[in-house]
Engineer: 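Sharing a structure with you now.
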Amino acid sequence: MLLIDVVRVSEAVTRTSARLGKIGHLAELLGRVGPDEAEIAISYLSGELPQRQVGVGWRTLEDLPQPKLAATATLTGVDALLSRIKAVSGPGSQSARKALVAELFAGLTSQEQQFIRRLLHGELRQGALDGVMIEAVAKASGAPSADVRRALTLRGWLPAVGAGALAGGVEALHAFRLEVGRAVSPMLAGSAPNVAAALEKAGAPAALEWKLDGVRVQAHRSGSEVRVFTRTLDDITPQVPEVVEALLEMPSADLVLDGEVLALRPDGRPHPFQVTASRVSSKLNVAQLREQTPLSVFFFDALRADGEDLLDLPYTRRQEALTGAVPHGLLTPRLITGDVAEAEKFFTDVVKAGHEGLVVKSLVSPYAAGRRGAGWIKVKPRHTLDLVVLAAEWGHGRREGKLSNLHLGARDPEGGFVMLGKTFKGLTDELLAWQTERFLELAEGPTDEWTVTLRPELVVEIAFDGVQRSPRYPGGMALRFARVLRYRPDKRVEDADTVETVRSLML
DNA sequence: TTCCGACAGTGGGGTCGCAAT
DNA sequence: ATTGCGACCCCACTATCGGAA
């Protein structure tokens, strides 16, 4: 199959707004793709590369050769070249990689170049990713989408599942099973503004578990072999020997556990997330680093224990298996209640202990991996500040032509403002239109291709999760997960919060 | 007919490893 | 030694479609 066939379908998908229409276009192509090309086609049309990443980003794609006029590139040819690009390493690799990228793009028409460029950026923007492709695979293979979804949960990679379904139908899908040592798509949580709302969503009584601010881990043990995976199914086993040792000390030799690693201080309170992230992502000198910053692991679910698959069992049954397999000290603190007051006290306690909040879990839901179902609901405290808009950046994609990303500043009592970060979240289309117009009236000072500097006159109420140390911003601090709540036309700039107020929140 | 769950899109800060400077 | 790039940890929110109620 030619690349252009896939590109044409992607363009049709982009033009179609109805999801069922998108599914139809995708399924049509899956119906005529060859068995050796199915994985590549499914991968491209769900917005990812079979290689996952190949070491090519926006900088490498800045200047590219002239496009060809005739579309002759094959899917397998492009895929093979991308694999070669990924394999490049060592001194001189940047120019070698660039040369291969040039070779790749010289063989593509401008239409194809656009497509591959967006794929490499991870921004296909055709309105269809895994969720839509699952339905397309179901339609093209004649299998129920629930079976496709289930196989994806267990296999963790849709192109393999889709190719299997196209070749072998429902039977092939049923052949995908939980394999110890191969990562399962993790179950994700939705969110609620407060504990009462979370209980309502999950159904009371529910289980309330501490939400620890670390890195999600899925730990597999088969005999003396242990593997640890992240939320995106990357293998981080060498970086977390503490988790490996914990698994090996457990009595059961056949385990798949879900949990969180984080760095705790000697007094038991958590380090800032940055400390945990630094430790977990360091691959060099792990032995030394663990002396200075040991990791702790806490498990909250069991997908397999003592040779039994548990994914389809309700929460309470999985918890029985978990508490039977894992030492008490490695269990995530938990309370089962339907009482709102009791739940709120538990929430207050966990926040006082320095942790992130709670995850409220339905007692009956199975391990529904890979989707943010109603089974798990997270609740975190929310801080707010009144800040001043210092500048704004032009948006991309559906925000093209709109000033979107706000630069936020706190008032400096000595005069002026201190930038604390940016945000684009929380804006409705109406607000985007309004602020674009208003910002252009306030434009003043340096303006480049992306950024418009403003007279500091607008006060905006910002919600955020916390203040963290920043090597980037002048005040040495930045807001974590900042989002717009509302503009405050009733407030003058002199009423905005000060740098001191922000600093007092950092601790 | 209305409601709501699931999805895609739009980007945020921080940190690491690696290659180039 | 420092800088730039790519990758990946953490992530919130809105618009939209289409099935459920």
Side-chain angles (χ1 to χ4, degrees), chain A residues 13 16-23 46-47 52-62 88-97 120-135 149 188-191 193 201 213-217 230-234 236 239 260-262 272-284 289 356 370-374 378 380 382 393 395-400 402 404-408 420-432 462-473 477-485:
Chain A
V13 168
T16 309
S17 67
R19 279 186 59 211
L20 294 177
K22 291 178 190 283
I23 291 163
S46 51
R52 274 193 80 173
Q53 74 285 333
V54 296
V56 173
W58 62 273
R59 197 60 206 262
T60 319
L61 297 171
E62 265 186 345
V88 172
S89 68
S93 63
Q94 277 186 17
S95 53
R97 186 179 293 115
L120 286 166
H121 279 132
E123 297 176 336
L124 192 54
R125 290 179 177 154
Q126 61 173 15
L129 296 171
D130 271 13
V132 174
M133 182 56 87
I134 285 169
E135 300 297 331
R149 197 173 286 279
L188 305 175
S191 59
K201 270 196 188 181
D213 193 8
V215 172
R216 181 89 175 261
V217 286
T230 64
R231 199 172 85 82
T232 49
L233 313 189
D234 289 292
I236 54 162
Q239 288 120 280
E260 190 92 2
V261 283
L262 77 167
F273 172 74
Q274 285 152 301
V275 174
T276 294
S278 168
R279 182 40 234 280
V280 171
S281 54
S282 296
K283 298 176 185 185
L284 277 44
L289 287 172
E356 216 185 349
R371 16 181 29 179
R372 293 185 187 274
K378 62 184 161 190
K380 299 189 279 187
R382 195 190 73 177
E393 295 172 19
H396 301 85
R398 73 182 302 281
R399 292 189 175 188
E400 183 97 49
K402 297 284 191 295
S404 170
N405 201 5
L406 311 182
H407 294 199
L408 304 168
L420 294 172
K422 309 178 188 180
T423 187
F424 55 92
K425 297 172 182 168
L427 299 165
T428 60
D429 287 358
E430 194 186 358
L431 211 46
L432 276 167
I462 297 294
F464 60 101
D465 277 22
V467 181
Q468 56 192 2
R469 282 187 193 290
S470 171
R472 177 181 318 203
Y473 289 108
M477 51 191 182
L479 302 183
R480 193 166 180 213
F481 309 142
R483 59 267 189 193
V484 172
L485 287 182

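Throughout, a chain's letter reflects where its sequence line sits, starting with A, and its residues are numbered from 1.
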Engineer: Between A/Lys283 and B/dC18, is there a side-chain N or O to OP1/OP2 distance below 4.0 Å?
Structural biologist: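 For B/dC18, OP1/OP2 do not have a side-chain N/O of A/Lys283 under 4.0 Å.
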Engineer: Just one of A/Lys380, A/Lys378, A/Arg480, A/Lys425 clears the salt bridge (charged side-chain N to carboxylate O under 4.0 Å, His left out) bar with A/Asp465, so which one?
Structural biologist: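 Only one option passes, and that is A/Lys380.
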Engineer: What residues form a side chain to side chain contact (heavy atoms under 4.5 Å, CB included) with A/Gln239, not counting sequence neighbours?
Structural biologist: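 Result, side chain to side chain contact (heavy atoms under 4.5 Å, CB included) vs A/Gln239: A/Ile236, A/Lys283.
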Engineer: If you check the A/Gln468 side chain, which of B/dT10, C/dC8, B/dG13 turns out closest?
Structural biologist: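 So the side chain of A/Gln468 is nearest to B/dG13.
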Engineer: Ignoring backbone atoms, establish whether A/Arg469 has a side-chain N or O less than 4.0 Å from OP1 or OP2 of B/dG14.
Structural biologist: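 The answer is no; no side-chain N or O of A/Arg469 sits under 4.0 Å from OP1 or OP2.
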Engineer: With a 4.0 Å cutoff (strictly under), does any side-chain N or O of A/Ser89 reach OP1 or OP2 of B/dA19?
Structural biologist: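 So the side-chain polar atoms of A/Ser89 never come under 4.0 Å of the phosphate oxygens OP1 or OP2 of B/dA19.
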Engineer: Touch check for A/Ala463, heavy atoms < 4.0 angstrom, all strands: base, sugar-phosphate only, or nothing?
Structural biologist: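 Touches nothing.
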Engineer: Look at A/Arg19 and C/dT16 and indicate whether a side-chain polar atom (N or O) is within less than 4.0 Å of OP1 or OP2.
Structural biologist: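 Answer is no, no contact under 4.0 Å.
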Engineer: What contact category does A/Val484 fall into here, base, sugar-phosphate, or nothing, at under 4.0 angstrom with non-hydrogen atoms?
Structural biologist: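 Counting heavy atoms under 4.0 Å across all strands, no contact is made by A/Val484.
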Engineer: Ion pair present between A/Asp234 and A/Arg52, side-chain N to carboxylate O less than 4.0 angstrom?
Structural biologist: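 Looking at A/Asp234 and A/Arg52, the cut-off is met.
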Engineer: Does B/dC18 have OP1 or OP2 sitting under 4.0 Å from an N or O in the side chain of A/Gln94?
Structural biologist: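 For B/dC18, neither OP1 nor OP2 has a side-chain N or O of A/Gln94 closer than 4.0 Å.
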Engineer: Look at A/Arg480 and B/dG13 and indicate whether a side-chain polar atom (N or O) is within less than 4.0 Å of OP1 or OP2.
Structural biologist: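 So the side-chain polar atoms of A/Arg480 never come under 4.0 Å of the phosphate oxygens OP1 or OP2 of B/dG13.
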Engineer: Using a 4.0 Å heavy-atom cut-off, does A/Thr276 contact any base of the nucleic acid, only the sugar-phosphate backbone, or nothing at all?
Structural biologist: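 Counting heavy atoms under 4.0 Å across all strands, no contact is made by A/Thr276.
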Engineer: For B/dT10, does either OP1 or OP2 sit under 4.0 Å from a side-chain N or O belonging to A/Ser404?
Structural biologist: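 False: A/Ser404 side-chain N/O out of range (4.0 Å or more) of B/dT10 OP1/OP2.
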Engineer: Counting Watson-Crick and G-U wobble pairs only, both distances under 3.5 Å, name the nucleotide matched with B/dC7, or none.
Structural biologist: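 Pairing partner, where one exists within any strand: none, as none qualifies.
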Engineer: Under 4.0 angstrom, heavy atoms only, what part of the nucleic acid is A/Lys380 near: base, sugar-phosphate, or nothing?
Structural biologist: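 Contact class for A/Lys380: sugar-phosphate only.
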Engineer: So which of residues 422-431 of chain A are in contact with DNA chain B, with a heavy-atom cut-off of under 4.0 Å?
Structural biologist: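 Residues of residues 422-431 of chain A that come under 4.0 Å of DNA chain B are, in numerical order, A/Lys422, A/Phe424, A/Lys425.
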